[in-house]
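The figures here come from the full heavy-atom set of this structure, side chains too, leaving out hydrogens, waters and symmetry mates. Keep in mind that this is a model prediction, so the values were computed, not measured. Counting convention: from 1, in listed order, for ligands and their atoms alike.
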Amino acid sequence: MNPVAAADPAIWSLIQAEEARQREDLELIASENYASAAVMAAAGSCLTNKYAEGLPGKRYYGGCGIVDQVEDIARERALALFDAPDGNGARHGMGVNVQPHSGAQANAAVYLSCLKPGDCLLGLDLSNGGHLTHGSPANSSGKLYRAVHYKVDSTGRIDMNVVREIALRERPRVIVTGASAYPRLWDFAAFRSVADEVGALLLADIAHVAGLVAVGLHPSPVPHCDYVTTTTHKTLRGPRGGIAMAKGDAMKALNSAVFPGSQGGPLMHIIAAKAVAFGEALRPEFRAYQQQVLDNAQAMATRLQERGFALVSGGTDNHLMLMDLSDKPYSGKDAEEALGRAGITVNKNTVPNEKRSPFVTSGIRLGTPAMTTRGCVTADAVRIADLIADALDHREDADRIGRVKAEIHALCAVHPVPGLV
Ligand code: DSN
């Protein structure tokens, strides 16, 4: 019997219910994925019992000899993934801290390491696809620092001339690249040139595209940026968590900003799970997986547009797309709810020039990382796009929604989640 089942039937039954939901329904939230059984086992290991404040070889606790080796392996693998993007083995001099509990913690640590309260930070506007930690007034990044924002243009893309104009006017200390809902590639070299012109530091938050960056299917920020942060659980397919990288001497201040600056003891069980995930990402199969993520996103985007749905920027270059429902008689919230009834999990999302509140919105965000992990290929992606269109076009028709749900559940049964079998 599972020990949780024996000790705590209430929690066990909820874990079982959530596992059934993950198995049976189709997960299209762009920031979610299914970690492998090995990653989950490491996250559930006895390493949760160990305190290890400090860094390997420089801890404030005894008994850290073994977890030191775990953290060293995690750091080496992270740098093997991200610090040598040119394909010739040459490193760019990045260091890495694998202790941030999340992407938000990683970003907060970077800011703490290089900004003073009141310094200016320039990032992508939240309602245009940016992230809370890129200077939203609701987040410490927008409360402690003077945050200013760039937006996408009328085509849904970032216009570097506008970014440059804002940077010349505002003189930010840090320019932040990266997003939660931007379907196009980032031109890190162009951002570097703007940063150099105004004397700013450059941070790339690659939380969404990290898996694509790791295998060379998205340009790498490493040659151009002073700092790179990412979560480990999205396209990278590891445990929930973050890492923070800095070039050269900046790593020392970043390490101090993680601990003791903003965190206490590291989660050694999660660091072990990160190491396992990085090991998986270094294997050739991971590149094939990321290519399929892209192929599925292309197939889905094309079919949705054929079915009359507008996508922000007219398509996608990465793992996600943003459906703009402004021309439809229903909101993003309505669409999320209708797709939920059909067994398809998505999130409502603001679109550029949003007229509705963030709790209602005029868009939904779709991503292919999780469905690709369960083995869906482009023919499945086209069919899923048709089922999404059917569910939205007939969202008040319970029979039609029921038929979509039955087909989605059949598709998911044919493609079981590898970590849950
Ligand atoms: N990064 C956000 C997302 O993309 O869902 C969560 O903070």
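For the residue pair Asp86 / His92, a side-chain donor-acceptor distance below 3.5 Å is found, with atom types taken as modelled. In summary, the side chains of Ser313 and Arg184 do present a donor paired with an acceptor at a separation below 3.5 Å, with no hydrogens or angles considered. Judged by distance alone, the side chains of Gln292 and Asn296 do bring a donor and an acceptor atom under 3.5 Å apart.
Aromatic ring centres of Phe286 and Tyr289 lie closer together than 6.0 Å.
Residue Arg365 touches ligand 1 through its side chain alone, judged by heavy-atom distances below 4.0 Å.
The contact set between ligand 1 and Ser31, taken as ligand atoms under 4.0 Å from a residue heavy atom, comprises 3 (C), 4 (O), 5 (O). Near His208, the atoms of ligand 1 lying under 4.0 angstrom from a non-hydrogen atom of the residue are 3 (C), 4 (O).
Of the candidates Ser180, Ala179, Ala181, it is Ser180 that places a heavy atom closest to atom 2 (C) of ligand 1.
Counting only heavy atoms from C-beta outward, the side chains of Arg59 and Tyr51 never approach each other to under 4.5 Å.
The protein heavy-atom contact nearest to atom 7 (O) of ligand 1 is His131 NE2, 2.8 Å.
Close to ligand 1: Lys234, with a non-hydrogen atom less than 4.0 angstrom away.
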